[in-house]
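Here is the structure we will look at.
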Amino acid sequence: MTVQTADVVIVGGAVMGSSTAFHLAERSDFEGRIVVVESDPGYEICASARSAASIRQQFSSAINIEISLHGIRFLREIGDRLAVDGDQPQVDLNEGGYLFLATPDKAPILQKNHALQRELGADIGLFDARDLQARFPWLETADLAAGCHGLTGEGWFDGYGLMQAFRKKARSLGVDYMAAQARIEKQGASDWQVKLSTGETVSTPVVINCAGASGGREICEQAGLNVPIVPKKRCVFTFDCRDRLENFPLLIDPSGTYVRPEGTGYICGSAPPAGQDPDCLDFDVDYNLFEEHIWPTLAARVPAFEAIKPGAAWAGTYDMNLFDHNAFVGPVPGCDGFYLALGFSGHGLQQAPAVGRGLAELVAAGQYQTLDLSPLSIERLFGDEPLVEKNVV
């Protein structure tokens, strides 16, 4: 059995693991060896590759807003931040904004969230039904009381491109990537043994669990930690529309169904109805969800969508945190050298820049130095104090 040593092992090399690796490797105060272990080196089934890839500030909790404010700045600067040998990555950022719609019973929640978002510096506009009709003439507004639109700083991008840009930059900075399944064991008082399916073992004082839906909960169990994180299937559908609809954002219907432009067409999706959302065991697409719920909902909200041509569809997974739909980030008390970036519940791509930076700060400096991510600590689970997010999509 071959035994290697590393200063940090990151389990999971998609967007969160690669962001963490990059941010740690670029620091002048950290010179140790970083190893990233990825069980899906082709990135065929990771959430990063199968996401609807978007970013918003329209959350109800301050920490999520602040995380995404950093995220949009990073995406705007990605060409310079992640360039390798003069080759600047592009992620095709489109700041078309989110448009959250509210019926009269939900309008007070929307207004309260909007006040917090504006207070923290997010560029979000609040509009009544008449204003919505004027701004988006293709929109059915008869049942609406209000809507919030991200005027700048929100939109969509190439999520797979972001992941690969982080990975390429991390490797250029000396990070080692290993293709294998990982299992961890505590060795003595300080070190962890990361045992790989290749037969190799990596000894390290620090393990960062970024394994997501593909094994993050199992890695926690190996460390003696139980987390309420499960893989949930989410389907994404594409379609073309006969009519050209100008100024189309990422629209969130009051039902939670979403749609946004993608090229010359659209992509859309929705969480399954309550009671019909089992754990993800395969990547089969639920076409009934589109036919029976998504399409009728969108056609009622945007009458032009009554006549569409359905296209390709795919399924992916969320590492869903059943406790409060927010991630667990940071060290685990009583489990020395074990860190989490897990349970993002669909927000991982947009939160990867800030979370990767924060974890790098913890490992290298022993504390958060820029944005304090402690509201996402797993201690809230231990104290039964959920961080409730009202804007869950």
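- Heavy atoms only, all atoms of each residue included: Ala25 and Leu173 are closest at CB-CB, 3.8 Å.
- Both Tyr177 and Met16 are members of a single hydrophobic cluster when ILVMFWY side chains are connected at heavy-atom separations under 4.5 Å.
- When all heavy atoms are compared, the tightest approach of Leu110 to Ala102 is CD2-CB, 3.8 Å.
- For the pair Asp319 and Pro231, the minimum side-chain heavy-atom distance is 4.5 Å or more.
- Not a single donor-acceptor pair under 3.5 Å links the side chain of Gln88 to the backbone N or O of Ala83.
- Residues Ile78 and Leu93 fall within the same hydrophobic cluster, defined by Ile, Leu, Val, Met, Phe, Trp and Tyr side chains chained together at heavy-atom separations under 4.5 Å.
- Looking at Asp282, Asp277, Asp279 one by one, the single match for salt bridge (Lys or Arg N to Asp or Glu O under 4.0 Å) with Lys233 turns out to be Asp282.
- Considering all non-hydrogen atoms of both residues, Leu144 and Pro254 come closest at CD2-CG, 3.9 Å.
- With a 4.5 Å cut-off on side-chain heavy atoms, Val329 and Tyr339 do not count as touching.
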Candidate pair Tyr266 and Phe248, rule ring pair (Phe, Tyr, Trp, His ring centres under 6.0 Å), full reasoning: CA-CA 10 Å; Tyr266 299 85; Phe248 206 101; 5.2 Å; yes
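- In the hydrophobic cluster analysis, where Ile, Leu, Val, Met, Phe, Trp and Tyr join through side-chain heavy atoms closer than 4.5 angstrom, Leu139 is grouped together with Ile294.
- Taking 4.5 Å as the limit, every side-chain heavy atom of Leu376 sits out of range of all side-chain heavy atoms of Phe328.
- Look at Arg167 and Glu38 and you find no salt bridge, because none of the NZ, NE, NH1 or NH2 atoms lies under 4.0 Å from a carboxylate O.
- Hydrophobic clustering of Ile, Leu, Val, Met, Phe, Trp and Tyr side chains at less than 4.5 Å, counting indirect connections, keeps Leu340 apart from Val36.
- Look at Asp324 and Arg380 and you find a salt bridge, because one of the NZ, NE, NH1 or NH2 atoms lies within 4.0 Å of a carboxylate O, short of that distance.
- Counting only heavy atoms from C-beta outward, the side chains of Gln57 and Glu154 approach each other to under 4.5 Å.
- Between Glu26 and Arg81 there is a salt bridge, with a side-chain nitrogen of the basic residue lying less than 4.0 Å from a carboxylate oxygen of the acidic one.
- Here the OG1 atom belonging to Thr5 is positioned 9.5 Å from the CG atom belonging to Asp191, to the nearest 0.5 angstrom.
- Between Phe74 and Phe22, the two ring planes are perpendicular [angle over 60°; tilted spans 30° to 60°].
- Atoms CD and CG, on Glu119 and Leu116 in that order, are 6.0 Å from each other to the nearest 0.5 Å.
- Using a 4.5 Å heavy-atom cutoff, the side chains of Ile124 and Leu151 are not in contact.
- In the displayed structure, Arg27 atom CZ is contacted under 6.0 Å by more than 12 heavy atoms of other residues, nucleotides or ligands.
- Asn247 approaches Trp138 most closely through the heavy-atom pair O-CZ2, 3.8 Å.
- Two residues are said to be in side-chain contact when any heavy atoms from C-beta on lie closer than 4.5 Å; Glu185 and Gln187 fail this criterion.
- By the 30° and 60° cut-offs, the orientation of the rings of Phe136 relative to His149 is perpendicular.
- Residue pairs meeting the salt bridge (charged side-chain N to carboxylate O under 4.0 Å, His left out) criterion with at least one member in residues 210-221: none, sequence neighbours excluded.
- Here Asp87 pairs with Lys168 in a salt bridge; the nearest charged N to carboxylate O distance falls below 4.0 Å.
- Between the side chain of Ser345 and the backbone N or O of Gly343 there is at least one donor-acceptor pair closer than 3.5 Å.
- The shortest non-hydrogen separation linking Thr103 to Asp143 is CG2-O, 3.5 Å.
- Hydrophobic clustering places Leu362 together with Ile208 (ILVMFWY residues linked when any side-chain heavy atoms are closer than 4.5 Å, directly or through intermediates).
- With respect to Asp253 and Arg301, a salt bridge is recorded, a charged nitrogen being found less than 4.0 Å from a carboxylate O.
- Between Gln164 and Tyr43, the closest side-chain pair of non-hydrogen atoms falls below 4.5 Å.
- For the residue pair Asn64 / Gln351, a side-chain donor-acceptor distance below 3.5 Å is found, with atom types taken as modelled.
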Side chain to side chain donor-acceptor pair (under 3.5 Å) between Gln350 and Ser68, worked out: CA-CA 6 Å; Gln350 62 185 293; Ser68 284; 3.0 Å; yes
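- With Arg234 contributing its side chain and Thr317 its backbone, the two residues share no donor-acceptor pair below 3.5 Å.
- Listed here is the closest heavy atom pair of Arg56 and Phe100: NH1-CZ, 3.6 Å.
- With hydrogens and angles left out, the side-chain atoms of Tyr98 and Ser54 include a donor and acceptor closer than 3.5 Å.
- Side chain of Ser18 to main chain of Ala14: a donor-acceptor pair is present (N/O by atom type, distance under 3.5 Å, no hydrogens or angles).
- Contact of the Trp192 side chain with the Pro205 side chain is not registered, since no non-hydrogen atoms from C-beta on lie closer than 4.5 Å.
- Under the rule for a salt bridge (charged side-chain N to carboxylate O under 4.0 Å, His left out), Glu66 has no partner lying at least two apart in sequence or in another chain.
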